[in-house]
Chemist: 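Take this structure first; my questions come after.
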Amino acid sequence: MLFLYNLIVQIAGFLLKLIALFSPKMKLFIEGRKIVFPVLEQKIKPTDKTIWFHAASLGEYEQGLPVIEKIKEAFPLHKIVITFFSPSGYEVRKNNTVADVTIYLPLDTKKNAQKFLKLVHPDLVFFIKYEYWPNYLAELKKLQTKTYLISGILRENQLFFKWYGGFYREALNTFDYFFVQNENSKKLLLGLGKTNVAVSGDTRFDRVAAILEKDNSLNFISQFKDNTLTIVVGSSWPKDENLLVDFINSNTLNVKFIIAPHNIKAEQIQQLQNSITKKTVLFTEKENKNLADYEVFIIDTIGILTKIYSYADIAYVGGGFGNPGVHNLLEPATFGVPIVIGPNYSHFAEATALVNMEACISITNAIDLNKVFRNLILDDSLRQEKGLLCETFVQMNKGATAIILKYILNNSI
């Protein structure tokens, strides 16, 4: 099976180069990997000590950030190397300040793995949540490099638990310790004979809880809000926006709306703006305008949604009408904001928990949306009750980073 896997990787590498001729995103994927080894040769000396973190994409990076920051504090003489698999992670966070080197992870071939690890020569390696690359893990095992999985999630449908997944199960032998999010993941690992596992929880709770300690003020949002009840729509997709626009256009209550779409391509932003009959302004048009005069604010940029949630009285988090489902609920939750989402959330443990707690409300159609929004707008105590449940949920689930760090400091280097 390992031979077949390596053959598939080689074929995929060739096909991706062809796709890159027609896909801007895939072009980033291919072009970004061309400079990986020259960058490593330039920025890492043979005498440097390093620690390597791998994140599949942006969500995993944000998830691992509390651990990255604490490890950086604990090992100040080490260089931090962060790799991404996806352009949607690398392109957004390539200029982060926590890492000394941020690059794409070369495709998982034996040759790439050997060259990468020779240049990086890490003392510690952390894989965040998932992505198990057999050739990288095999080479790490040969080098006896301490390797950890943090905020791991395992499910029965993964290759490890199939009769034909032997080479993938072998890759798990590389990990010195598994820090997983829940008891089910631990149970699955125990079923494979892995006793080096602990349920530490999800480090995302530590990350979002720490947001409260930062300056989340945005003067232009304060000016727009103007002490008016405000609904913040985060990471919306067209299916979300179709329902939301109907409500916005028909709403007669004293409410303002901030919409931060998942996709900020100019054409889609223009379509969204044109569909709204209320007075609307874009982030890129905000200069020299009295923002208090507007009813809808469309955020056609990235990187500020977290701070915007701090101004929300109600949050609608998008993605719940698509596949795989709803986006990050924890950011509005940490600010104590009641949350509304679409119906597709079952793959996300925090969303399921918040819905079961009745802190978050799932809607399936325009009638539901209208009813839920009106109830939350008109009932101050209902908003406060659900917002407090959200905030408490985040606070009660903190602590994964401390568990991981304690183990690392007691058992590494």
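On a predicted model such as this, the values are computed, not experimentally measured, just so you know. Position 1 is the first residue of the sequence; numbering continues from there. Below, each value reflects all heavy atoms present in this structure, side chains not excepted, and no hydrogens, waters or symmetry copies.
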Chemist: Run the side-chain contact (heavy atoms from CB on, under 4.5 Å) test against Asn182 and tell me which residues pass, sequence neighbours left out.
Modeler: Ile153, Asn184, Ser185
Chemist: So is Arg169 actually on top of Tyr164's ring, under 6.0 Å and inside 45° of the axis?
Modeler: no
Chemist: Could Lys256 and Phe224 be counted as a cation-pi pair, given that NZ or CZ must be under 6.0 Å from the ring centre and within 45° of the axis?
Modeler: yes
Chemist: So, using side-chain contact (heavy atoms from CB on, under 4.5 Å) as the criterion, who are the partners of Ser57 when residues are at least two apart?
Modeler: Glu60, Ser86, Ser88
Chemist: Answer whether the closest heavy-atom distance between the side chains of Ile298 and Ile276 falls below 4.5 Å.
Modeler: yes
Chemist: Please confirm whether the backbone N or O of Gly342 pairs with a side-chain atom of Ser362, one donor and one acceptor, at under 3.5 Å?
Modeler: yes
Chemist: Applying side-chain contact (heavy atoms from CB on, under 4.5 Å), name anything that partners Ser217, two or more places apart in sequence or on another chain.
Modeler: Asp215, Tyr311
Chemist: With the side chain counted from C-beta on, respond yes when Lys110 and Glu139 share a heavy-atom pair under 4.5 Å apart, and no when they do not.
Modeler: yes
Chemist: Does Lys194, at its NZ atom, have more than 12 non-hydrogen atoms belonging to other residues, nucleotides or ligands within less than 6.0 Å?
Modeler: yes
Chemist: Regarding Gln270 and Asn274, is there a side-chain donor-to-acceptor distance under 3.5 Å anywhere?
Modeler: yes
Chemist: Just say parallel, tilted or perpendicular for the rings of His78 and Phe75, cut-offs at 30° and 60°.
Modeler: perpendicular
Chemist: Taking the inter-plane angle between the rings of Tyr5 and Phe167 on a 0 to 90° scale, is it parallel (under 30°), tilted (30 to 60°) or perpendicular (over 60°)?
Modeler: tilted
Chemist: Does some side-chain heavy atom of Asn135 sit less than 4.5 Å from a side-chain heavy atom of Asn112?
Modeler: no
Chemist: Can you confirm if the NZ or CZ of Lys278 lies within 45° of the ring axis of Phe257 and under 6.0 Å from the centre of its six-membered ring?
Modeler: no
Chemist: Is the Trp237 ring parallel, tilted or perpendicular to the His327 ring (thresholds 30°, 60°)?
Modeler: parallel
Chemist: Should Val101 and Thr50 count as side-chain neighbours, where that means a heavy-atom distance under 4.5 Å?
Modeler: no
Chemist: Should Phe205 and Phe393 be marked as a ring pair (Phe, Tyr, Trp, His ring centres under 6.0 Å) after you check the CA-CA gap, both sets of side-chain angles, and the distance that decides it?
Modeler: CA-CA 9 Å; Phe205 288 97; Phe393 176 71; 5.4 Å; yes
Chemist: Can you list every salt bridge (charged side-chain N to carboxylate O under 4.0 Å, His left out) pair that touches residues 343-355, not counting sequence neighbours?
Modeler: Arg204-Glu350
Chemist: Classify the ring geometry of Tyr104 against Tyr90: parallel below 30°, tilted from 30° to 60°, perpendicular beyond 60°.
Modeler: tilted
Chemist: Among Phe85, Phe127, Phe116, which one satisfies ring-ring contact (aromatic ring centres under 6.0 Å, His included) with Tyr136?
Modeler: Phe116
Chemist: I'd like to know whether NZ of Lys289 has more than 12 heavy-atom contacts from other residues, nucleotides or ligands below 6.0 angstrom.
Modeler: yes
Chemist: Could you go through Leu369 and Leu244, starting from their C-alpha distance and side-chain angles, then the distance that decides it, and tell me whether this counts as side-chain contact (heavy atoms from CB on, under 4.5 Å)?
Modeler: CA-CA 8 Å; Leu369 181 72; Leu244 291 160; 4.2 Å; yes
Chemist: Would you mind listing every salt bridge (charged side-chain N to carboxylate O under 4.0 Å, His left out) that reaches into residues 3-24, with sequence neighbours excluded?
Modeler: none
Chemist: Does any pair with a residue in residues 337-380 pass ring pair (Phe, Tyr, Trp, His ring centres under 6.0 Å), and if so which ones, sequence neighbours excluded?
Modeler: Phe247-Phe373
Chemist: I'd like to know if the side chain of Lys146 reaches the main chain of Asp176, judged simply by a donor and an acceptor atom lying under 3.5 Å from each other, with no hydrogens or angles considered.
Modeler: no
